[in-house]
Amino acid sequence: MSDINFYKPTTIKEAVDLLQNQNYLAIAGGTDLVVKIRNGLFPGIRALVDLGALPLKTIKQENGKLIIGSGCTMSQVISDPLVKEYFPVLTKAASTVGAMQIKNAATIGGNIANASPAGDTIPALYSLEAVVIITGSKGQRQVPIDKFFTGPGKSVLQTGEIIEAFSIPLRKTSGSFLKLGERRAHAISKINMAVSTWNDGKNHFRVAMGSVAPTVLRCEKAEAVLEGASLPLTEEILEQAAEIAMSTASPISDIRSTGSYRKRMAGVLAKRALKTL
Ligand SMILES: Cc1cc2nc3c(=O)[nH]c(=O)nc-3n(C[C@H](O)[C@H](O)[C@H](O)COP(=O)(O)OP(=O)(O)OC[C@H]3O[C@@H](n4cnc5c(N)ncnc54)[C@H](O)[C@@H]3O)c2cc1C
């Protein structure tokens, strides 16, 4: 990596201007990117644009939303009292990302921009109906998280654009995040599952799962079965939702797991996660 230049802009405009160059890449915590560069995945890269000095590290309330800066680390997300109080599913998902060293460096923006179908905060943000706030040279645009990903490692982000923040409707939710990895801790997900529920006169449910398709999937058919159901959920509804989750999953086999195991576990995890609500 010695022939790669390094820039550390202090304004978003400066960062976006630098990133207009096709051969420059944004870097946040570097926990994904440095590994990929070392593995030769970006041979044409001429410079890294470090987002670490930009004002992207706050979590604040604004107009009925919680705005989470893309530069917030997993440790910051985990310890934030508002995230804990309103979005327990996100606290739980961030808690499963790597060991302490990774949590202290890895950002939520990097987890999303990396666009891995196994990224742990992705299903959590799906279940909270988060919106991705993107900034580029033409200004800002907002994309619902379930429209952000276009394939494994791919998203709607264009050259020169960065994720500035995530905007989440500020409502009290209950949530659960479960993940299966090779080990109980510090492992990339073979499959992960996030469920959230909130009440605005009736109960609403969101179910999303990762590593079971080219992008994280929202399981809308299961949500329809759950809509309005009271808690705790009955065994019959749990079974129905689990069955739907299993049939919705269309996973591949890879080095981490077989497709058939992942499909079966989609049902098991959906049931377990919903049961804890
Ligand atoms: C040992 C180890 C264990 C891990 N365990 C887990 C795990 O359990 N769960 C999990 O989900 N992940 C895991 N990861 C992957 C990684 O830590 C996360 O995906 C992390 O959140 C990436 O964030 P980062 O800030 O390090 O991103 P970086 O590596 O800096 O960047 C990742 C990608 O996102 C782009 N990018 C970063 N920030 C922005 C932004 N604001 N706007 C636009 N593009 C941006 C970069 O250009 C790059 O393409 C692990 C990695 C390692 C090395």
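Here the structure is a predicted model, which is why all the values come from computation and not from measurement. First listed ligand is number 1; within each ligand, the first listed atom is number 1.
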**Item:** Gap between atom CG of Asp17 and atom OG1 of Thr11 - 0.5 Å precision
**Value:** 7.5 Å

**Asked** For residues Asn104 and Ser75, is any side-chain donor paired with an opposing acceptor at under 3.5 Å?
**Response** yes

**Request:** Check ligand 1 against Ile27 and write out every atom of the ligand that is under 4.0 Å from a heavy-atom position of the residue.
**Result:** 30 (O)

**Prompt:** Is the closest N or O pair between Glu161 and ligand 1 shorter than 3.5 Å?
**Reply:** no

**Request:** Treating Ile, Leu, Val, Met, Phe, Trp and Tyr as nodes and any side-chain heavy-atom pair under 4.5 angstrom as an edge, say whether Ile68 and Phe148 lie in one connected cluster.
**Result:** yes

**Request:** Calculate, to the nearest 0.5 Å, the distance between atoms OG1 and CD belonging to Thr173 and Glu129 respectively.
**Result:** 11.0 Å

**Message:** Please classify the Leu51 to ligand 1 contact at 4.0 Å (heavy-atom distances, strictly less than): side chain, backbone, both or neither.
**Reply:** side chain

**Message:** Would you say Val143 ends up clustered with Val216 if hydrophobic residues are merged whenever their side chains have heavy atoms under 4.5 Å apart, either directly or through other cluster members?
**Reply:** yes

**Request:** Specify side chain, backbone, both or neither for Glu164, according to which of its non-hydrogen atoms lie closer than 4.0 Å to ligand 1.
**Result:** neither

**For Glu14, all residues meeting salt bridge (charged side-chain N to carboxylate O under 4.0 Å, His left out), sequence neighbours excluded** = none

**Fill in**
Near Ile162 (heavy-atom distance under 4.0 Å), the atoms of ligand 1 are 42 (N), 43 (C)

**Request:** Below 4.0 angstrom from a heavy atom of Gly98, which ligand 1 atoms are there? Numbered from 1 as shown, please.
**Result:** 5 (N), 6 (C), 7 (C), 8 (O)

**Request:** With atom 32 (C) of ligand 1 as the reference point, say which of Ile163, Ile122, Asp32 has the nearest heavy atom.
**Result:** Asp32

**Item:** Numbered atoms and elements of ligand 1 in range of Gly29, under 4.0 angstrom, heavy atoms
**Value:** 24 (P), 25 (O), 26 (O), 30 (O)

**Request:** Using the test salt bridge (charged side-chain N to carboxylate O under 4.0 Å, His left out), find all partners of Lys154 that sit at least two apart in sequence or belong to another chain.
**Result:** none

**Fill in**
In ligand 1, the atoms that come under 4.0 Å of a heavy atom of Gly119 are 11 (O)

**Item:** Mode of Lys179 contact toward ligand 1 - side chain, backbone, both, neither (heavy atoms, under 4.0 Å)
**Value:** side chain

**Prompt:** Can you name the nearest heavy-atom pair linking Cys219 to Ala245, along with the distance?
**Reply:** SG-CA, 3.8 Å

**N or O pair under 3.5 Å between Thr31 and ligand 1** = yes

**Prompt:** Of all the atoms in ligand 1, which lie at a distance below 4.0 Å from a heavy atom belonging to Ala28?
**Reply:** 25 (O), 30 (O), 37 (C), 38 (N)

**ligand 1-proximal atoms of Ile102, by part, heavy-atom distance under 4.0 Å** = side chain

**Complete:** For Met74, the atoms of ligand 1 under 4.0 Å from one of its heavy atoms are 21 (O)

**Asked** Near Arg264 CZ, under 6.0 Å, is it more than 12 heavy atoms from other residues, nucleotides or ligands?
**Response** no

**Message:** Heavy-atom distances under 4.0 Å decide this one: backbone, side chain, both or neither, for Ser70 against ligand 1?
**Reply:** side chain

**Prompt:** Can you tell which part of Thr96 has a heavy atom less than 4.0 Å from ligand 1: side chain, backbone, both or neither?
**Reply:** backbone

**Asked** Under 3.5 Å, is there a donor-acceptor pair between the Thr276 and Ser176 side chains?
**Response** yes

